[in-house]
Amino acid sequence: MTELERIRHSAAHILATAILRVWPEAQFAAGPPVDTGFYYDVDLPHRITPEDFARIEEEMKTEIKANHPFERVEISRSDALAMAERGELASLAPRDTPSRFKLDILQNIPEGETITIYRNGEFTDLCAGPHVMRTGNIGAFKLTHVASAYYKGDENNPQLQRIYGTAFKNKTEMEKHFTMLEEAKKRDHRKIGREQQLFHIDESVGQGLILWTPKGSIIRQELQDFIGGELRKQGYSQVFTPHIGRLGLYQTSGHFPYYAESQFPPLIDRETLAGLSSEGCSCAELSNRVTAGEIDGYLLKPMNCPMHIKIFDSQPRSYRDLPVRLAEFGTVYRWEQSGELNGLTRVRGFTQDDAHLFCTEEQVSPEILGCLSLVRTVLSTLGMTDYRVRVGLRDPDSNKYTGDPANWDKAETACREAAKTLDVPFTEEPGEAAFYGPKIDFVVKDVLGREWQLGTVQVDYNLPIRFGLKYVGSDGKSHVPVMIHRAPFGSMERFTGVLIEHFAGNFPLWLSPEQVRVLPINDDPMVIEYCDAIVASLRGQGVRCERDTSPDSVNAKIAKAEQQKVHTMFVVGKRDVEAGNVSLRIHGKGNLGAKNKDEVMAEIVTAIRTRQA
RNA sequence: GCCGACGUAGCACAGUGGUAGUGCAAUCGAUUCGUAAUCGAUAGGUCACGAGUUCGAGUCUCGUCGUCGGCUCCA
């Protein structure tokens, strides 16, 4: 534990001390340090609100001022259990009711492990430690918000109140933290998305359904063109598939009814519905019969793989054809829980930059490497270096994974070996695999520190078997191909959301919705004519360019262009016209002075074509 | 989905039971300017939606929808 973590963990104990002074009946569960501070989970009939914070913080200050030492005591299991029974753990004094969460935690500590309690002042808690020496070592703290959490993270357990706070060595450090947080919030893609009119979510359209406005659509289109070019280099074939497919397809793949609760409900045709209704079929019956496969219907596609599988399977394949790489910007729909929806990063309809590679077993490793190199090209072009790599493996204790364990072993080994070739540290995480296979994920954090999975590469021995895919090998016999699912962006929505925050809305030239704005200093016909010629020339070369036609002052025109984060500005007055120049200004870099207009335009065209950062 | 907070003009916000407000944006008019906001005027609202309490509700109560923060989930 780092010093900061010790401070925060100790602050959690002081928080509990303070809460108990006000509400002695409080029952505490867990109170660890976290990335940005600490929390303590508490069960209490009184609902703690931010209005209570001042009072709790007062009590915390008193405890810190008292400068009690944190005292570590090793005790026997039986003594600990007895203390918990008397309500003495996470408490100031013995109580009528046992410390029930502490009792539960104690019972789950393996035999033979040392059990310790920590004391500060009157407060005693079951705790492995470590802590700071004295309560006075906490230089600065603040309660931040209150939320709720299920006990042990299990939604079948009761919900506890989770009080969040943060603590630092001193006030200066804490103020720095809050300033940084304020700055981070300014980059929030939801805020920038509205300010820059990049996208819109309209409640009459539906939760989690994105309307891409013109400016956001430009960014998305540029990203698609970028990746499309890379795919051609790597020998992919573009395909298009519909947004809905018959239920049977997803029954074969295993997505229905297994994932029914995270899908939009099936579409049943009108005649079937009318027939069932005249038979007096209830909704529950209908649902059961659809699930049982007795009634056919269509599903809004939750993923693209089954359709790509059918394209692969639409003709006989030889080992000479492999690998077959089918790519599509495929839009899928998932019924995410309403509380999970978030701007562009968690939505109900999204477009994956999807592809499925069908290959022989020998081709798996090189193909995974090809996919990984694509992801890295994408991330490095965009200057995104702050990500982590996660190898998702099956959870040995779960039965949600389908297929032969031997194949799982092969697939997991392939992923692990491929991840090693990235010169980036990665973590192996059991339980993070897809139900059909292990995967390599690229994960980034948003401005609020929440992690989002972007690029992913998944190895799948199972769906080809479920769909009975085959190819003729060099031995003349039939073989089952292996499938690789991969999406370097993950989804256009989430990636764009993360990208907005990455650039704080200041996109590089090639991605900028408005690349160049020409600002005439006055409306002298000579100046306007010159400006219009520049606009026409740039547009002719595919540059997104506008002339400011407002009657505003030059200063106002510049201010507006800067606020709208227009990448490049040409300020043009009589002096420029006479010299064949433009006064170049780049967003965030200020006035760069007069330059020859043809040279500047040529530089811009090149910078766009080479996707210069 | 669960717990909590919130929902007032395009945006940011004020309005603690008694006539719906401010700034920016918008529109109109004037201004023609050399690197971050020229001046003036006008317009814009079923205070999310629905019910209730009250002589009277943006304000209090309940329900619905939505947003935000967590939790759970994320093929």
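In what follows, every chain begins at residue 1, and chains take the letters A, B, ... in the order their sequences are listed.
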Indicate, with a heavy-atom threshold strictly under 4.0 Å, whether [X] touches base, sugar-phosphate, or nothing.
X: A/Asn342; value: sugar-phosphate
X: A/Ser583; value: base
X: A/Lys574; value: base
X: A/Val554; value: sugar-phosphate
X: A/Arg585; value: base
X: A/Asp523; value: base

inquiry  = Taking only side-chain N and O atoms of A/Arg450, does any of them lie within less than 4.0 angstrom of OP1 or OP2 on B/G70?
reply    =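 Result: yes.
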With a 3.5 Å cut-off and just heavy-atom distances, do the side chain of [X] and the base of [N] make a donor-acceptor pair?
X: A/Tyr150; N: B/G1; result: yes
X: A/Ser148; N: B/G4; result: no
X: A/Asn522; N: B/G34; result: no

Give me the ring orientation class for [X] and [Y]: parallel if the planes are under 30° apart, tilted from 30 to 60°, perpendicular past 60°.
X: A/His255; Y: A/Phe435; value: perpendicular
X: A/Tyr401; Y: A/Trp408; value: perpendicular
X: A/His243; Y: A/Tyr333; value: tilted

query = Want to settle it: does A/Ala559 or A/Tyr164 sit nearer the 5' end of RNA chain B, counting the closest nucleotide to each?
reply = A/Ala559
Residue whose nearest RNA chain B nucleotide is more 5′ - A/Asp188 or A/Leu160 =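 Nearest-nucleotide comparison on RNA chain B picks A/Leu160.
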message = With the threshold set at under 4.0 Å for non-hydrogen atoms, list the residues of residues 546-553 of chain A touching RNA chain B in residue-number order.
response =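 Correct list: A/Pro551, A/Asp552, A/Ser553.
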key: A/Glu546 side chain to A/Arg517 backbone, donor-acceptor under 3.5 Å   = no
A/Glu501 backbone acceptor or donor facing A/Arg187 side chain under 3.5 Å = yes
message = Any salt bridge linking A/Lys565 with A/Glu514? Criterion: basic side-chain nitrogen under 4.0 Å from a carboxylate oxygen.
response =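 So A/Lys565 does not pair with A/Glu514 through a salt bridge.
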Residue A/Gln159, side-chain atoms from C-beta onward, closest of B/C71, B/C3, B/U35 = B/C3
When you compare [N] with [M], how far apart are their [atom1] atoms, in angstrom units rounded to a whole number?
N: B/C6; M: B/U46; atom1: P; value: 24 Å
N: B/A48; M: B/G58; atom1: P; value: 10 Å
N: B/C68; M: B/C28; atom1: C1'; value: 39 Å
N: B/U22; M: B/C62; atom1: P; value: 33 Å
N: B/G1; M: B/C74; atom1: C1'; value: 14 Å
N: B/C60; M: B/A5; atom1: P; value: 13 Å
N: B/G50; M: B/G66; atom1: C1'; value: 15 Å
N: B/U59; M: B/G40; atom1: C1'; value: 36 Å

Interatomic distance where [atom1] belongs to [X] and [atom2] belongs to [N] [whole Å]:
X: A/Ile558; N: B/U38; atom1: CD1; atom2: C1'; result: 15 Å
X: A/Leu44; N: B/G4; atom1: CG; atom2: P; result: 14 Å
X: A/Leu143; N: B/G69; atom1: CG; atom2: C1'; result: 16 Å
X: A/Gln564; N: B/A36; atom1: CD; atom2: C1'; result: 12 Å
X: A/Leu181; N: B/G69; atom1: CG; atom2: P; result: 12 Å
X: A/Leu592; N: B/G34; atom1: CG; atom2: C1'; result: 15 Å
X: A/Asp41; N: B/G70; atom1: CG; atom2: C1'; result: 11 Å

key: Nucleotide-resolved protein contact map, nucleotides 58-67 of chain B, B/S/- at heavy-atom distance under 4.0 Å   = -------SSS
Closest non-hydrogen atom pair, A/Met483 against A/Pro464 =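 In this case the closest contact between A/Met483 and A/Pro464 is CB-CG, 3.8 Å.
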key: Residue pair A/Gly392 / A/Ala433: nearest heavy atoms and the distance that separates them   =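 Result for this residue pair: O-CB, 3.6 Å.
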key: Cation-aromatic face contact A/Arg55/A/Trp23, 6.0 Å, 45 degrees   =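 Positive - A/Arg55 is close enough to the ring of A/Trp23 and near enough to its axis.
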key: By side chain to side chain donor-acceptor pair (under 3.5 Å) - contacts of A/His485 (at least two apart)   =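 Checked A/His485 against side chain to side chain donor-acceptor pair (under 3.5 Å); matches are A/His356, A/Asp460.
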ask   = Can you name the residues that form a side chain to side chain donor-acceptor pair (under 3.5 Å) with A/His177, not counting sequence neighbours?
value = none
request  = Tell me yes or no: between the side chains of A/Lys595 and A/Ser583, is some donor less than 3.5 Å from an acceptor?
outcome  = no
Neighbour count above 12 (heavy atom, 6.0 Å) for A/Lys152 NZ = yes
task = May I ask you to check whether over 12 heavy atoms, not counting those of A/Glu51, lie within 6.0 Å of atom CD?
result = no
Applying a 3.5 Å limit to both distances, which nucleotide forms a Watson-Crick or G-U wobble pair with [N]?
N: B/C55; result: B/G18
N: B/U67; result: B/A5
N: B/A36; result: none
N: B/C62; result: B/G50
N: B/G45; result: none
N: B/G23; result: B/C11
N: B/U31; result: none

request  = Check the pair A/Phe264, A/Trp335 against ring-ring contact (aromatic ring centres under 6.0 Å, His included), reporting the backbone distance first and the verdict last.
outcome  = CA-CA 5 Å; A/Phe264 281 76; A/Trp335 188 261; 5.0 Å; yes
Check nucleotides 73-75 of chain B for protein N or O atoms closer than 3.5 Å to its own N or O atoms and list the pairs.
{"residue": "B/C73", "atom": "O2", "partner": "A/Arg346", "partner atom": "NH2", "Å": "2.8"}
{"residue": "B/C73", "atom": "N3", "partner": "A/Arg346", "partner atom": "NH1", "Å": "3.2"}
{"residue": "B/C74", "atom": "O2", "partner": "A/Arg346", "partner atom": "NH1", "Å": "3.1"}
{"residue": "B/C74", "atom": "O2", "partner": "A/Arg346", "partner atom": "NH2", "Å": "3.4"}
{"residue": "B/A75", "atom": "O3'", "partner": "A/Tyr436", "partner atom": "OH", "Å": "3.0"}
{"residue": "B/A75", "atom": "N6", "partner": "A/Ser262", "partner atom": "O", "Å": "2.9"}
{"residue": "B/A75", "atom": "N6", "partner": "A/Ser262", "partner atom": "OG", "Å": "3.2"}

inquiry  = Using the rule given for ring-ring contact (aromatic ring centres under 6.0 Å, His included), can you reason through A/Phe256 versus A/Tyr250, listing the C-alpha separation, both sets of side-chain angles and the distance that settles it, and then say yes or no?
reply    = CA-CA 5 Å; A/Phe256 187 85; A/Tyr250 301 100; 8.3 Å; no
query = Hey, what do you get for CG (A/Leu326) to CG (A/Leu357), rounding to the nearest 0.5 Å?
reply = 8.0 Å
For nucleotides 12-15 of chain B, print each protein N/O atom paired with a nucleotide N/O atom at under 3.5 Å, atom names and distance only.
{"residue": "B/A12", "atom": "OP1", "partner": "A/Arg194", "partner atom": "NH2", "Å": "3.2"}

